[in-house]
J.: 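The structure under discussion is supplied below as structure tokens; questions concerning it will follow.
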Amino acid sequence: MDSTIKKICDGDVRSASRLIRDIEDKLPDARAKIKKLYAHTGKSFIIGITGAPGAGKSTLTDALITEFRKKNKTVGVLAVDPTSPFTGGAILGDRIRMLRHAEDTGVFVRSLATRGALGGLSQAAGNAIHVMEAMGKDIIIVETVGIGQQEIDIINHAHSVVVVLVPGMGDEIQTMKAGLMEIADIFVINKANRAGAKQLQTELTSMLNLSPKTADGWKPPVVMVGNAFEPAEFAKDTAGLAKKIGEHHLYLQKSGKLNERMHRKAMTEIRDALGACLMEPVLHSLMESGELEKFSEKIRNRKTDPYSVAEEITEKFFQKRGKA
Ligand SMILES: Nc1nc2c(ncn2[C@@H]2O[C@H](COP(=O)(O)OP(=O)(O)OP(=O)(O)O)[C@@H](O)[C@H]2O)c(=O)[nH]1
Ligand SMILES: [Mg+2]
């Protein structure tokens with residue numbers, strides 16, 4: 001076995017961290033390593049946690065780590081921030097909050113931010129998860145900010161999805177808009193000591209009663225989590241959340257839905273990999289040659305249309321490949 005791969009499979013933190021950094025930097029060698037690593041992945045249970053900025057996702061993640069560690073489960077955490085390339089502060093915050101677990105060798109925490117103009121954050125997140133899987137982490141928590149399409153792509157790498165809402169943030173409307181009803185397996189109403197928590201719970205529950213998911217055998221529970229600064233109450237509530245996540249895992253296994261989730265994950269991985277193999281190199285070379293800008297100008301002036309451009313590019317790309 002490749003020595004780096006062996007080290008990662010043995011749980012070596014430095015090798016794993018280096019590979020995650022290389023993934024983030026899109027080094028070609030990282031892709032080769034992931035290919036070799038892949039056979040050692042697929043055994044972890046992956047939990048996605050998403051919600052608006054500042055909803056309390058990291059605080060919840062920290063509490064969940066405590067719960068899972070009590071059961072002797074090893075935990076990997078990936079904090080993904082697609083909102084801005086300049087999130088040093090927020091990401092540092094994530095790390096600092098998890099420092100409670102920094103000395104614990106059963107916990108591995110890393111973050112990923114947007115790099116470069118061509119995106120691919122979902123792919124990077126998927127690969128960073130693979131690294132943690134190969135390390136043998138029993139549970140991997142992926143925290144992602146926001147509720148847009150990119151976050152949904154990232155969250156598709158998870159088996160169970162927890163959506164965190166906070167009273168008084170207009171979350172109800174946001175939820176509907178972003179299609180989170182479809183993707184959420186468990187809702188958390190966080191900071192539930194705040195005004196409006198009960199109302200949000202009522203609204204959410206009645207919406208869930210109408211959702212087709214409920215008819216499917218799993219009605220996403222709405223878990224109320226109180227003030228994080230009341231440690232005893234918070235620990236009790238987050239233990240309840242960990243329990244619900246466990247129940248959902250069991251439901252996925254028993255109902256055969258886990259297979260559906262694995263399919264969703266595989267599809268996301270194929271699409272991400274195709275993006276990396278086809279889209280990114282094409283866009284990159286068009287950008288470098290200045291052709292992309294010319295195409296854009298022609299489209300703006302209505303000299304052509306996006307489909308004709310895409311066809312021209314496709315033709316050129318495949319001809320090149322054929323001749324190579
Ligand atoms: N009042 C109150 N504040 C909380 C609670 N939970 C978290 N916070 C605070 O809210 C802020 C954001 O919490 P985080 O856990 O970092 O939230 P997040 O969703 O991870 O934030 P981003 O990753 O930046 O989107 C921090 O200052 C927390 O201390 C809570 O239950 N009550
Ligand atoms: Mg956070």
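Each ligand, and each atom within it, is numbered from 1 in the order the structure gives. In this chain, numbering begins with 1 at the start of the sequence shown.
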J.: Examine F229 against ligand 1 and note whether any of their N/O atoms are separated by less than 3.5 Å.
T.: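 Not met; the criterion fails.
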
J.: Would you mind reporting whether E247 and K243 have side-chain heavy atoms less than 4.5 Å apart?
T.: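 A side-chain contact exists here, since the closest heavy-atom pair is under 4.5 Å.
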
J.: Between T144, N227, T59, flag the one that comes closest to atom 28 (C) of ligand 1 by a heavy atom.
T.: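 Closest candidate by heavy-atom distance is T59.
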
J.: Looking only at distances, can you tell me whether any N or O atom of A228, backbone or side chain, sits closer than 3.5 Å to an N or O atom of ligand 1?
T.: yes

J.: Strictly by modelled atom types, are S308 and D305 linked by a side-chain donor-acceptor pair under 3.5 Å?
T.: yes

J.: Under the salt bridge (Lys or Arg N to Asp or Glu O under 4.0 Å) definition, can you give me all pairs with a residue in residues 224-239, not counting sequence neighbours?
T.: none

J.: Test: salt bridge (Lys or Arg N to Asp or Glu O under 4.0 Å). Region: residues 121-136. Which pairs qualify, not counting sequence neighbours?
T.: none

J.: What do you reckon, does N190 have a nitrogen or oxygen under 3.5 Å from a nitrogen or oxygen of ligand 1?
T.: no

J.: Without swapping roles, check the side chain of H159 against the backbone of I46 for a donor-acceptor pair under 3.5 Å.
T.: yes

J.: Can an N or O of V145 be found at a distance shorter than 3.5 Å from an N or O of ligand 1?
T.: no

J.: From atom 12 (C) of ligand 1, work out which of A63, S58, G54 has a heavy atom at the shortest distance.
T.: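 Ranked by closest heavy atom to atom 12 (C) of ligand 1, first place is G54.
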
J.: Determine whether the side chains of H157 and S122 contain a donor N or O and an acceptor N or O closer than 3.5 Å.
T.: yes

J.: If you take the nearest heavy atom of each of R194, E233, E230, K57, which one is closest to atom 19 (O) of ligand 1?
T.: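 It is K57 that holds the nearest heavy atom.
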
